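Here is the structure we will look at.
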Amino acid sequence: MPIKTIETQPFPDQKPGTSGLRKRVAHYQQLHYVENYVQSIFDVLEGTDGQTLVMGGDGRFFNKEAIQTAMKIAAAHGFGRVIVGQNGLLSTPAASHLIRHNKAFGGLVFSASHNPGGPDGDFGIKYNISNGGPAPERITNAVFARSKEITSFRITEEPDVDLSSVGTQKLDDMTVEVVDPVADYADLMQTLFDFAALHGLFASGFRMKFDAMYAITGPYAKAILEGMLGAPEGTVINALPLPDFGGGHPDPNLVYAKDLFDELMAPDAPDFGAASDGDGDRNLIIGRNRFVTPSDSLALLAANAHHAPGYAKGITGIARSMPTSAAADRVAEKLGIEMHETPTGWKFFGNLLDAGRVTICGEESAGTGSDHVREKDGLWAVLLWLNILAARKQGVDEIVREHWKTYGRNYYTRHDYEEIETAKAEAVMEHLRTQLGELPGQNFGSLTVAAADDFSYLDPIDGSLAEHQGLRVIFADGSRIVVRLSGTGTVGATLRLYIERYVGPDGDHDVETQEALSELIGLTSELTNIHRLTGRDAPTVIT
Ligand code: G16
C-alpha cells in the first residue's frame, strides 16, 4: 500500500509534562492530533531505520485507535518492527521491560496513568528511550519544538492490524509482533523474588486483597498472585481492565481506594492489602490496621530488600524525588550507600540507574521501583513486600513499628488543590517564592527555618540542569514544607503541598498524621496565602 504524506497544522500545546503528553480524550480526538505528536517524536529521533519499537497501553478509551495510528506512522517512518501487547495492552513497567529485553530502540506508552479514563476522561502518549525509561527533557523539549513547526506527517494506508491474537504480521515492510503482555514480565519477577517462599506464604493461610481498579494490573496480578503463587481466587479484585476503569479514578490512594482501606482497618481484616493504578506503575500498601505511606514504603523496602534473592547482595544506592520524605535518607546513611534527591518524575532516575549508582528509587506519589526496569513498578513493590513478609515472618504493622524505632518516623502528608485557575496557582507559587530569601533564620512557633529555595537539580551523570522544580522551606529539626505545581493534570492547575515532620526513634510514633503535622499545615497556609489567593478553603484531596 502506498505511504501518504498528509499536510497538517501544528498544535501549540503538545508539550510533554511530568510523564508524557496528557490531555482530555476529546482533545486527543482532534483531527491529526495523534499523528502530529507521534510524527514529531519520530522526527527528533536519529537512526530509526529498521529499528524496533515497543507499543502498548493501559487499555483506556482511545488506546486502540491511537496505537493503530502510531503503528501506521512507524511503518511509514521506516521502523523495522513493532512489538505490541495483545489487544494493545501493556503495563508501563512491562513496556519498559520489553524495550530492554528486546534491545528495542524505544517505545510508546499509551496511558494517562492514574487519571480517569473513558470518553470524558484523559489520554496520554509517552515516549521511552532504549534504556526502557521515559525520555529525558532534552528529548521531550525537542519534541515540543518540533510539534510547533510540523507541516506534514507520513502514514501508510494499510488497514488496521489485528491485535487480538499473539503472532507476527506485516504492516507494509514493518513486522508487527503481537505478544502476551504478561509472560516476559512474569519471568522477570521470578528472577527477583523467592516464588517458592511466596507460594508457601499463601499456602499457610496468608490473606491478601489486591485491587486492580479495573486497570492494567489485573491480568498481571491474576497470573502471578493467583496463577503462579497459589493465592486463592478472589485475592485480586476489579481485575478486568475496562476502557473507563469502571467509572472509577484509578489512583491507588486513600481517597480512591477507600473501600480497600476500610477493609484493611476492619477487625477481621486480611493480612495485606495493595492496589495499583491505571498503567500499573504506582502502588498502595496497607497492612492489617496499618497504612504505609509511599515515602515510608520506599525506606522500608530499601532497608529490607536483601531478603529477596534479586537484592541479596545489597543495594548500591537510593534515589527519591525531592518532595518524597527523607525517611529513606536515614536508611541510606545507616547502610553507608549513596542517596540522591531528584526532581519529580521517574525520568530523573534513569541516569543514576544506568550508571549503577542507585538500585532502588521511589516517590511520594505512590511509585517505587528498582534497576530491573526504568519505570516505577506497582506489582514489583507488592511482590517485594510479600517477600519481606515471608522472610521476616512478621506482619506489616510490626515491621513498620520496628523501622520507626530504629530510624525514627517522618510524619508525612500531601494536600492537593486540584483544577485551580492557572493564574491563581501561579500567584500562590509567586507569593512563597518572593519570601524565600528572607525566610532562613526566622522562627515560627517552635520552628526555625534553616533553608529555603527553589529546587534545582544538577544531574551528576550528564551534567544537565533542571530548575524550578518546587519550593522548599526546610526547618532546623528536619521538618519541611514543599510546594509545587503538578505536571500531570489536564485541566487548570493542581497545587501540591507536601508537609513533613521528623520524630526520632524515641519519640511518639502514634499520633494521627494530620494532628502531628497541624502546626506545619497552619504555617503552610500562612506562608502561601493559599486560601485567599485561590478562594479555596480546603484541599481537594489529602493523602
Ligand atoms: C508521573 C510520573 C512520576 C511522578 C508523578 C508526579 O506519575 O511518572 O514519576 O512522580 O507523575 O505527578 P505530578 O507532577 O502530578 O505531581 P504517573 O503515575 O502519573 O506516570
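Whatever order the structure lists ligands and atoms in, that order sets their numbers, starting from 1. These numbers come from a predicted model, not from an experiment. Just so you know, residue 1 is the first one in the sequence shown, and it goes up from there.
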**Asked** Passes side-chain hydrogen bond (donor to acceptor under 3.5 Å, both in side chains), Asp277 versus Tyr256? Steps please.
**Response** CA-CA 10 Å; Asp277 68 332; Tyr256 301 119; over 6 Å; no
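Using a non-hydrogen distance threshold of 4.0 Å, Arg22 registers as a contact of ligand 1. Within the 4.0 Å heavy-atom cutoff, Gly367 does not count among the residues contacting ligand 1. In this structure, Glu364 does not count as a contact residue of ligand 1, since none of its heavy atoms falls inside 4.0 Å of the ligand.
The distance from ligand 1 to the heavy atoms of Asp281 drops below 4.0 Å at these ligand atoms: 18 (O), 20 (O). The ligand atoms of ligand 1 that sit less than 4.0 angstrom from a heavy atom of Ser365 are 4 (C), 5 (C), 10 (O). Shown in contact with Gly487 at under 4.0 Å from a heavy atom are these atoms of ligand 1, numbered in order with element: 13 (P), 14 (O), 15 (O). Of all atoms in ligand 1, listed by their number and element, those nearer than 4.0 Å to a heavy atom of Trp346 are 9 (O). Here is the list of ligand 1 atoms found below 4.0 Å of a heavy atom in Arg496: 13 (P), 15 (O), 16 (O). Applying the 4.0 Å criterion to heavy atoms of Glu363 picks out, from ligand 1, the atoms 3 (C), 4 (C), 9 (O), 10 (O). Taking every non-hydrogen atom of His114 and a distance limit under 4.0 Å, the qualifying atoms of ligand 1 come out as 17 (P), 18 (O), 19 (O). Listed by number with element, the atoms of ligand 1 under 4.0 angstrom from any heavy atom of Ser113 are 17 (P), 18 (O), 19 (O), 20 (O).
Side-chain contact check for Tyr185 and Ser91: no donor-acceptor pair (N or O, by modelled atom type) lies under 3.5 Å.
In this structure, His27 and Tyr33 have perpendicular ring planes: the angle between them is above 60°, well past the 30° mark.
For Lys148 and Phe144, the positive end sits near the middle of the six-membered ring, less than 6.0 Å away and at most 45° from its axis.
Annotation: Arg484 places an N or O atom under 3.5 Å from an N or O atom of ligand 1; distance criterion only.
Counting only heavy atoms from C-beta outward, the side chains of Val34 and Phe62 approach each other to under 4.5 Å. Taking 4.5 Å as the limit, every side-chain heavy atom of Lys347 sits out of range of all side-chain heavy atoms of Pro136.
Here atom 8 (O) of ligand 1 lies nearest to Lys376 when heavy atoms of Glu375, Lys376, Lys347 are compared.
Checked against side chain to side chain contact (heavy atoms under 4.5 Å, CB included), Asp454 has the following partners two or more places apart in sequence or in another chain: Arg433, Leu436, His468, Leu471.
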